[in-house]
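Inspection log for the structure reproduced underneath, given as structure tokens.
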There are 2 protein chains.
Amino acid sequence: MIFIDLKDSRPIYEQVVERFKLLILKGVIERDEKLPSVRNLAVELSLNPNTIQRAYGELERQGYIYTVKGKGNFASGSEKLIDRYKEEIQKQLREICKTAISIGMTEEELMNGIREWRKI
Amino acid sequence: MIFIDLKDSRPIYEQVVERFKLLILKGVIERDEKLPSVRNLAVELSLNPNTIQRAYGELERQGYIYTVKGKGNFASGSEKLIDRYKEEIQKQLREICKTAISIGMTEEELMNGIREWRKI
DNA sequence: AAGGGTGTATTATTAATGCTAGTACACAGA
DNA sequence: TCTGTGTACTAGCATTAATAATACACCCTT
């Protein structure tokens with residue numbers, strides 16, 4: 001279901017968090033769908049259960065999943081999460097554009113960085 | 001000339017690198033202008049000289065400055081550096097847009113994240 | 001009631017890295 | 001020669017990611 005990139009400099013638990021975030025936001029994991037158990041995922045990814053637990057704890061803290069003791073971890077509904085995530089993305093875009101303009105990048109050059117993802 | 005944000009989770013030497021990168025790209029530090037000496041900047045920022053040296057070493061490796069032993073570190077010309085930096089920014093933008101679209105963000109919502117930086 | 005699967009908590013240990021500390025050496029210029 | 005400069009090296013500290021091992025409580029099925 002997910003994979004880990006050991007060449008990535010970010011901590012493993014952060015990678016796990018991000019992967020599940022996107023899976024939930026995209027709807028690949030639906031509301032109330034069960035995530036892999038801490039122990040199972042640890043075996044599957046050859047990681048320590050504590051690392052998975054830390055990732056799940058973070059996902060729960062951010063509202064992406066909820067926990068039922070003795071049963072497992074389950075995906076939350078994604079509507080509000082998507083809105084929040086969209087704002088984060090817009091914030092990132094603004095930061096990058098701010099820097100870009102400060103070094104003299106033109107509007108045209110900025111748009112060239114985006115154009116290939118536009119339908120037109 | 002520059003400042004360090006201790007609340008920033010990134011390493012200090014990376015912050016120093018980024019600050020000088022932008023100062024050179026913006027032309028605030030002109031070609032062949034001398035940067036603060038390793039020891040002076042270390043005192044000014046209350047850091048260890050080794051930390052500054054690491055930052056300067058990185059800046060040299062990336063072509064932003066050149067070193068004259070016994071004299072100091074000096075800014076390189078920024079023309080080629082700017083072109084390279086613009087490509088990096090475009091790459092970042094594409095990555096963000098790619099993710100944004102994958103979670104169902106619309107073109108309109110994407111543009112709202114940029115609009116305030118456009119002249120129009 | 002028993003057992004297996006689940007999350008949770010705790011403590012200890014290892015490994016990597018950022019940063020500091022201290023020292024030493026070589027070069028440039030006055 | 002003296003001062004300021006970059007460079008190199010070793011050592012150590014602090015933080016954090018990650019592992020290891022263990023224990024406990026909950027849920028559900030048998």
Side-chain angles (χ1 to χ4, degrees), chain A residues 1-21 23-24 29 31-76, chain B residues 1-21 23-24 29 31-76:
Chain A
M1 172 160 265
I2 71 168
F3 66 96
I4 296 302
D5 180 9
L6 294 178
K7 284 169 289 187
D8 196 321
S9 63
R10 292 177 305 171
I12 294 175
Y13 80 92
E14 276 190 16
Q15 291 185 47
V16 175
V17 168
E18 193 199 354
R19 296 280 148 70
F20 277 111
K21 263 192 191 182
L23 288 174
I24 292 171
I29 301 179
R31 178 200 292 269
D32 299 324
E33 183 175 337
K34 186 178 178 301
L35 273 66
S37 78
V38 170
R39 289 175 177 79
N40 274 353
L41 188 56
V43 170
E44 185 184 335
L45 300 179
S46 301
L47 299 176
N48 189 285
N50 290 354
T51 303
I52 307 298
Q53 185 186 347
R54 178 163 182 183
Y56 279 8
E58 187 64 21
L59 285 166
E60 186 187 22
R61 200 186 62 76
Q62 294 184 31
Y64 284 83
I65 65 176
Y66 62 91
T67 298
V68 182
K69 286 176 72 172
K71 293 200 65 174
N73 290 280
F74 303 85
S76 304
Chain B
M1 176 158 263
I2 69 170
F3 67 96
I4 296 302
D5 180 8
L6 294 178
K7 284 170 287 187
D8 195 324
S9 63
R10 290 176 307 170
I12 294 175
Y13 78 92
E14 276 189 16
Q15 292 185 47
V16 176
V17 168
E18 192 198 356
R19 297 279 147 70
F20 277 111
K21 262 192 191 182
L23 287 175
I24 292 171
I29 300 180
R31 176 201 293 270
D32 300 324
E33 184 175 337
K34 185 176 179 302
L35 274 65
S37 76
V38 170
R39 288 175 177 82
N40 274 353
L41 188 56
V43 170
E44 183 183 337
L45 300 180
S46 300
L47 299 175
N48 189 286
N50 290 352
T51 304
I52 307 298
Q53 185 184 347
R54 180 165 181 182
Y56 279 8
E58 186 64 19
L59 285 166
E60 187 187 21
R61 201 187 62 76
Q62 294 183 31
Y64 283 82
I65 65 176
Y66 62 92
T67 297
V68 181
K69 286 177 72 172
K71 293 200 68 177
N73 290 279
F74 303 85
S76 305

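All chains are named by letter (A, B, ...) in the order of the sequence lines, taking the proteins before the strands, and each is independently numbered beginning at 1.
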* **Options C:dG18, D:dA18, D:dG6, nucleotide nearest the side-chain atoms of B:P11** => C:dG18
* Asked: How long is the line joining CG of A:L6 and C1' of D:dA18, in whole Å?
  -> 12 Å
* Asked: Rounding to a whole Å, what distance do you find between B:L45:CG and C:dT20:C1'?
  -> 15 Å
* Apply the side-chain contact (heavy atoms from CB on, under 4.5 Å) test between A:I29 and each candidate in A:Y64, A:F74, A:F20; give the one that qualifies. => A:F20
* Asked: Is there a side-chain contact between A:I52 and A:L47, using heavy atoms and a 4.5 Å cut-off?
  -> yes
* Counting just side-chain N and O atoms, does A:T51 come under 4.0 Å of either OP1 or OP2 of D:dA17? -> no
* Asked: Can you tell me how far C1' of C:dG7 sits from OH of A:Y56, to the nearest Å?
  -> 11 Å
* Phosphate-side-chain proximity, A:S37 and C:dG5, N/O vs OP1/OP2 below 4.0 Å -> no
* Asked: Of the nucleotides C:dT6, C:dG22, D:dT5, which one has an atom closest to the side chain of B:N50?
  -> C:dG22
* Integer-rounded Å distance: C:dT6 C1' and A:Y66 OH -> 15 Å
* Structure fact -> Against the side chain of A:K71, the closest entry in D:dT7, D:dC28, C:dT11 is D:dC28
* Give a yes or no on whether the backbone of A:V38 and the side-chain of A:Q53 come within a donor-acceptor separation of less than 3.5 Å. => no
* To do: Of all the heavy-atom pairs spanning B:Y56 and B:L35, show the shortest one and how long it is.
  => OH-CB, 3.7 Å
* To do: Starting at atom CZ of B:R61, determine the distance to atom P of D:dT7, rounded to an integer number of angstrom.
  => 15 Å
* **For atom CZ of B:R10 and atom C1' of C:dT17, their distance in whole Å** => 17 Å
* To the nearest angstrom, how far is B:L47 atom CG from D:dA14 atom P? -> 18 Å
* Tell me which of A:N48 and A:G70 sits closer to the 5' end of DNA chain D, going by the nucleotide each one is nearest to. => A:N48
* Can you tell me if the side-chain N/O atoms of A:R54 get under 4.0 Å from OP1 or OP2 in D:dA18? -> no
* Choosing from D:dA17, C:dT6, C:dT8, which nucleotide comes nearest the side chain of A:T67? -> C:dT8
* Asked: Using a cut-off of 4.0 Å on non-hydrogen atoms, how would the nucleic acid contact of B:R39 be classed: base, sugar-phosphate, or nothing?
  -> base
* Asked: Taking the side chain of A:N40 as its heavy atoms from C-beta onward, which of C:dT20, D:dT5, C:dT6 lies nearest to it?
  -> C:dT6
* To do: Name the residue closer to the 5' end of DNA chain C, choosing between B:V68 and A:V38 according to the nucleotide with the nearest heavy atom.
  => A:V38
* To do: For the side chain of B:Q53, starting at C-beta, report the closest nucleotide among D:dT7, C:dC19, C:dT6.
  => D:dT7
* Is it true that a side-chain atom of A:R10 and a backbone atom of A:Q15 form a donor plus acceptor pair closer than 3.5 Å? -> no
* For atom CD of A:Q15 and atom P of D:dA17, their distance in whole Å -> 13 Å
